[in-house]
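To start, the structure under review is shown below, and the notes come after it.
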Amino acid sequence: MIDLKNLQNNFDEVGEKLLKKGVSTESLNEIKTSFQKLKEKRTALEVLQADQNKQSKLFGVYKKENKDIKELQAKLAENKKNMATLQEEVREIEETLQQKALIIPNIPADTVPIGVDESENIEIKKVLDIPTFDFPVLEHSDLAEQNGWIDFKRGVKLAKSRFSLLRGDGARLERALINYMIDFNRERGYEEVCVPLIVNRPTMTGTGQLPKFENDLFKIEGEDLFLIPTAEVPLTNIYNDEIVAKDDLPVKLTAYTPCFRKEAGSAGRDTRGMIRQHQFDKVELVVLSHPDDSAKIFDEMVKCASDLLSSLGLAHRHMNLCTGDLGFSASSTTDLEVWFPAQNCYREISSISNTQEFQSRRAKIRYKDTDGKNKFLHTLNGSSLAVGRTMIAIMENFQKADGSIEIPEVLKKYM
RNA sequence: AGACAGGUGGCCGAGUGGUCGAAGGCGCUCGCCUGGAACGCGGGUGUGGGGCAACUCACCGAGGGUUCGAAUCCCUUCCUGUCUGCCA
């Protein structure tokens, strides 16, 4: 959630940035007036409450001393009525304000390039040369079927479209990748965590998936529970409503989980192959950081994911996402795009974001600073790598003329 | 899933309608004591909101209700423990 006080105090400046992210002027103005009104009503209510508290104490004293309480009683009852009205008003304003504030996206950092959509993302650098082939390259879906690694048809039969299953060496490669990635991250100081795949509404709200994106989530019928769309959700919310000791920062976590996404609104996109599925595996990085360190940690996380790709021998590039392509919770994001020879293009395989205080304010994750005050920390998240996409990148990049696939050296001991 | 018992500050734990934001203890911290430390003694020590401040409001798992007044009574709900059931 954005800082409402900040919006109030720097309305033009902050508002302008939010307008670029698609927030309407009306809703900004509504928030501004609601916030103001809330303050007024609350102050008025508190004056009444203070009076009521005092008089009520007096009431007790009078009774003990057998004084006449009729007059006082009448006054208290009258006051109570006024309080109830104000209380109701305050509650209503709070609720609407909350509703509106929770669907306002994060404000892009100053380092984020201005742009409308992904075409205006800025390439930061390329890593490794793209491979060349002296034979016609095949798409991963063909390679997978040839090698018996992926069964698309039966995945659909078992569940529905956008599901598949891995078999034999395909399944083993998936598992090898997961183990390799977690070990890779662990060696870089990330604690391995195994998290619930089903989480509740407050958890989903803490990281920003709810209330705005309920349609993208798989919901458990009859329960207010959801399948996680990324391990970022449980990992970040581990410290929901907690105060982390300053000395414990940064908290660096990594987890492997399946991820579940409805992919509402992607009808027709990437229908062939395993690029976009309802269920996919991902190894995730999450860091809770002191605000002063988050920029440095962000770079570390990008390097961690990029080095991982390099270690697998996969050519990729770093993209600085522009304002229009930034996700809801992110203040800045670097995407890593891996080279897909058959599609002759780079495609997203990892996304590292700094949400700054946006998530910690929602999830109430704070640290105790040296001045004794509790402050919101910064949360960062990044795919170590999307495992499925890594697998198909390996298939396409390391295919041989006979259709077989060379396993990257670092994975061999995991197979 | 059913029965019973509970959920109070960093922790333990008292508190069954009135001056309780909450006794007492532990821990932590500051000061004294000491050559230094332990012990001992004295002070401080929750969170969030509003206000320049004095101060003030809210919070005793959460949400409702009763009352002039609720940690305390009632309802709902979540969680924990024990027993039963079921299972990996």
Using whole Å, what does the distance between atom C1' of nucleotide B/G49 and atom CZ of A/R361 come to?
14 Å

Given that both distances must come in under 3.5 Å, which nucleotide forms a Watson-Crick or G-U wobble pair with B/U67?
none

Atom-pair distance (CE on A/M83; C1' on B/G69), nearest Å:
10 Å

Hey, are A/T355 and A/H378 close enough side-chain-wise for a donor-acceptor pair under 3.5 Å?
no

In Watson-Crick or G-U wobble terms, with both distances under 3.5 Å, the base opposite B/G85 is none

Any side-chain donor paired with an acceptor under 3.5 Å for A/S294 and A/N354?
yes

With both distances kept under 3.5 Å, what pairs with B/G21, Watson-Crick or G-U wobble?
none

Return the orientation label for the A/F163 and A/H278 ring planes: parallel under 30°, perpendicular over 60°, tilted otherwise.
tilted

Output the rounded distance in Å from CZ (A/F59) to P (B/U67).
13 Å

Under 4.0 Å between a side-chain N or O of A/N53 and OP1 or OP2 of B/C57?
yes

Between A/K80 and A/D51, name the one whose nearest nucleotide on RNA chain B is closer to the 5' end.
A/D51

A/D248 CG to B/G10 C1', straight-line distance once rounded to whole Å
14 Å

A/N374 CG to B/G9 P, straight-line distance once rounded to whole Å:
16 Å

